[in-house]
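Each remark here refers to the structure printed beneath this line.
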There are 2 protein chains.
Amino acid sequence: MTEKENNTEKLILDAAKNVFLRKGLDGARMQEIADEAGINKALLHYYFRSKDKLFETIFQEAFKQFLPRVSDLIVSDKPIFEKIWGFVETYIDMLMANPHVPIFILSELNHNPDRLINIFQGFGIQPQFFAAQIQKEIDAGVIRPVNPRHLIVNMLAMCVFPFVGRPIIKGILFQNDDVQYQVFLQERKTEITLFIINALKVE
Amino acid sequence: MTEKENNTEKLILDAAKNVFLRKGLDGARMQEIADEAGINKALLHYYFRSKDKLFETIFQEAFKQFLPRVSDLIVSDKPIFEKIWGFVETYIDMLMANPHVPIFILSELNHNPDRLINIFQGFGIQPQFFAAQIQKEIDAGVIRPVNPRHLIVNMLAMCVFPFVGRPIIKGILFQNDDVQYQVFLQERKTEITLFIINALKVE
DNA sequence: GTCTATATTGTGATAGAC
DNA sequence: GTCTATCACAATATAGAC
């Protein structure tokens, strides 16, 4: 009973995540989700009233994965460059494990920005903390003066973009060679970190 | 006749571009395109046989806009930092004029990467040229040693990401204030250029 | 070229047996 | 809880008058 319930629900959620992440809300078909879960359409509606409700569940789950969980890293007393390295490494590792999450989240948010409203409770995103530390380091003369907001966007951009632009980068720069592309993503962890450090450090 | 033809065709293309860019292929409705063009559905099929054909036309057009047209800049004999400034400024200006193009292209490519195959003739994308120049400058000791591919991706990422991630950045960093966000985008032209220059220049 | 009306298929959702 | 059968409607596409 509860065994079976949870099991089926998990099957559905896994299948739904796969299909929604590949096709998006509009492109996904309930039939395809049912097939991938090894059940029939009616069961989908039994567990999740509607396609929208099922999607909402998947979206929330994916959104959590899209936001790097680095709050304890940020509030730690490590030096700034170590934090940056930690951020980039953690985030890219997570993205490599969930490569379709970024384009999914960003695409759906662009099609329906209102989703952000229903999601901003209980997340505790505080870029201000990081921005404040950056400003402190600038004032102390540890790093070159930069606009903290631009630095944050630059970090995010360099980490996330290879996943959002995967087909184009892989196609143009690597002739669609998957192995080369995986290597490239691995390299980026040190490459991005060094790039940022060089941009920030005072001579 | 030809006057009216071209006029109606233009109306359709403009409407289709708006709707497809906002909603994507799967989310767009022929009815909505017809309404926005001020005509009826049947005419859409008269001018473009099917939804897919109409979409293909829009996609190709948008894809051209997504690729920065900077070949003459790249092959010029300007110094490397000037080229980088030129690239960033040109590209961001173009993206600000067409802010929905990046997420549209990248989202559709992720949903159907095969589109890249039908599009790679007559584009003459040669990142190798730029990569070669970067390598030359490194060998000459003008800039710090970096992997040219990573540098190119970093440049693209920092330019494009604010448009792909617009809802999230605008929401979290600017409390959805449109004016502040436009200012932020303008700032990025110098901010990105300086960031790259600092990361590259030898002491 | 442009319209109205309609055919046809696809898709989310429900009814009801087991 | 799970299934089959079916409803109701949405959406692409076409026929045919003007």
Side-chain angles (χ1 to χ4, degrees), chain A residues 1-62 104 107-108 111-112 114-115 118, chain B residues 1-62 104 107-108 111-112 114-115 118:
Chain A
M1 336 242 131
T2 309
E3 257 316 304
K4 209 166 188 184
E5 256 187 54
N6 284 332
N7 198 24
T8 302
E9 189 169 330
K10 185 68 167 43
L11 282 175
I12 294 176
L13 285 172
D14 285 348
K17 183 167 183 176
N18 281 339
V19 176
F20 278 132
L21 260 68
R22 276 203 313 270
K23 310 273 185 83
L25 169 58
D26 295 322
R29 297 289 159 251
M30 294 297 266
Q31 185 63 58
E32 193 178 352
I33 295 175
D35 291 346
E36 193 146 329
I39 55 162
N40 59 61
K41 278 192 299 177
L43 259 194
L44 296 181
H45 289 90
Y46 176 80
Y47 279 91
F48 305 84
R49 269 179 50 81
S50 68
K51 184 185 182 185
D52 273 329
K53 290 243 189 295
L54 177 54
F55 177 82
E56 198 57 37
T57 308
I58 301 299
F59 182 83
Q60 302 259 351
E61 186 187 323
F104 170 72
S107 175
E108 297 300 332
H111 290 161
N112 186 0
D114 288 348
R115 273 184 220 291
N118 313 325
Chain B
M1 341 243 127
T2 309
E3 257 314 306
K4 209 165 186 185
E5 256 188 53
N6 284 333
N7 197 24
T8 303
E9 190 168 331
K10 186 68 166 46
L11 281 175
I12 294 176
L13 285 172
D14 284 349
K17 183 165 184 179
N18 281 338
V19 175
F20 278 132
L21 259 68
R22 275 203 314 270
K23 310 272 184 85
L25 169 59
D26 295 322
R29 297 289 159 247
M30 295 296 265
Q31 184 62 60
E32 192 178 353
I33 296 175
D35 291 346
E36 194 146 329
I39 54 160
N40 59 60
K41 281 189 296 177
L43 260 193
L44 296 181
H45 288 91
Y46 176 80
Y47 278 90
F48 305 85
R49 266 178 52 79
S50 67
K51 183 186 181 184
D52 274 328
K53 290 244 189 295
L54 178 53
F55 177 81
E56 198 57 36
T57 308
I58 300 299
F59 182 82
Q60 301 259 352
E61 186 188 325
F104 169 73
S107 175
E108 297 300 332
H111 290 160
N112 187 359
D114 288 347
R115 273 183 218 293
N118 312 327

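First the proteins, then the strands, lettered A, B, ... as listed; each starts at 1. All heavy atoms count here, side chains included; hydrogens, waters and symmetry mates do not.
Nearest heavy atom pair, residue A:A34 against residue A:N40, reads CB-C, 3.7 Å.
Here A:E36 pairs with A:R22 in a salt bridge; the nearest charged N to carboxylate O distance falls below 4.0 Å.
Each of C:dC3, D:dT14, D:dC3 was ranked by its minimum atom distance to the side chain of B:L43; first place goes to C:dC3. Side chain of A:M30, nearest nucleotide from C:dT2, C:dA13, D:dT4: C:dA13. Side-chain atoms of B:R29 lie closest to D:dT12 of the nucleotides C:dT4, D:dT12, D:dC3. Side-chain proximity of A:K51 to C:dT2, C:dG12, D:dT4: nearest is C:dG12. Counting only heavy atoms from C-beta on, A:I39 has its side chain closest to D:dC3 among D:dC3, C:dT4, D:dA13. Closest to the side chain of A:T8, out of D:dC3, D:dA13, D:dT2, is D:dT2. Distance from the side chain of B:S50 is smallest for D:dA13 among the nucleotides D:dC3, D:dA13, D:dA15. Closest to the side chain of B:Y47, from the set D:dA13, D:dC3, C:dT2, is C:dT2.
The interatomic distance linking B:N40 (CG) with D:dA17 (C1') rounds to 13 Å, in whole Å. Taking atom CD of residue A:E56 and atom C1' of nucleotide C:dG12, one finds them 17 Å apart after rounding to whole Å. Counting to the nearest Å, the P atom of D:dA13 and the CZ atom of B:F55 are 14 Å from each other. One can place OH of B:Y46 at 15 Å from P of D:dA15, the figure rounded to the nearest angstrom. If you measure from atom CG of A:D52 to atom C1' of C:dT11, you get 13 Å, rounded to the nearest angstrom. Between the P atom of D:dA13 and the CD1 atom of B:I33 lies a distance of 11 Å, rounded to the nearest Å. Put simply, CG on B:L44 is 10 Å from P on C:dC3, counting in whole angstrom units. Straight-line distance from the CG atom of A:L11 to the P atom of D:dC3: 11 Å, rounded to whole Å.
The structure places OH of B:Y47 at 4.0 Å from OG1 of B:T8, a figure rounded to the nearest 0.5 Å. Between atom CD1 of residue B:I12 and atom CD1 of residue B:I58 there is a gap of 10.0 Å, rounded to the nearest 0.5 Å.
When the side-chain nitrogen and oxygen atoms of B:H45 are compared with OP1 and OP2 of D:dT14, none of them lie within a distance under 4.0 Å.
The side-chain heavy atoms of A:L25 and B:D26, taken from C-beta on, include no pair separated by under 4.5 Å.
Within 4.0 Å of B:A34, counting heavy atoms only, lies no atom of the nucleic acid at all.
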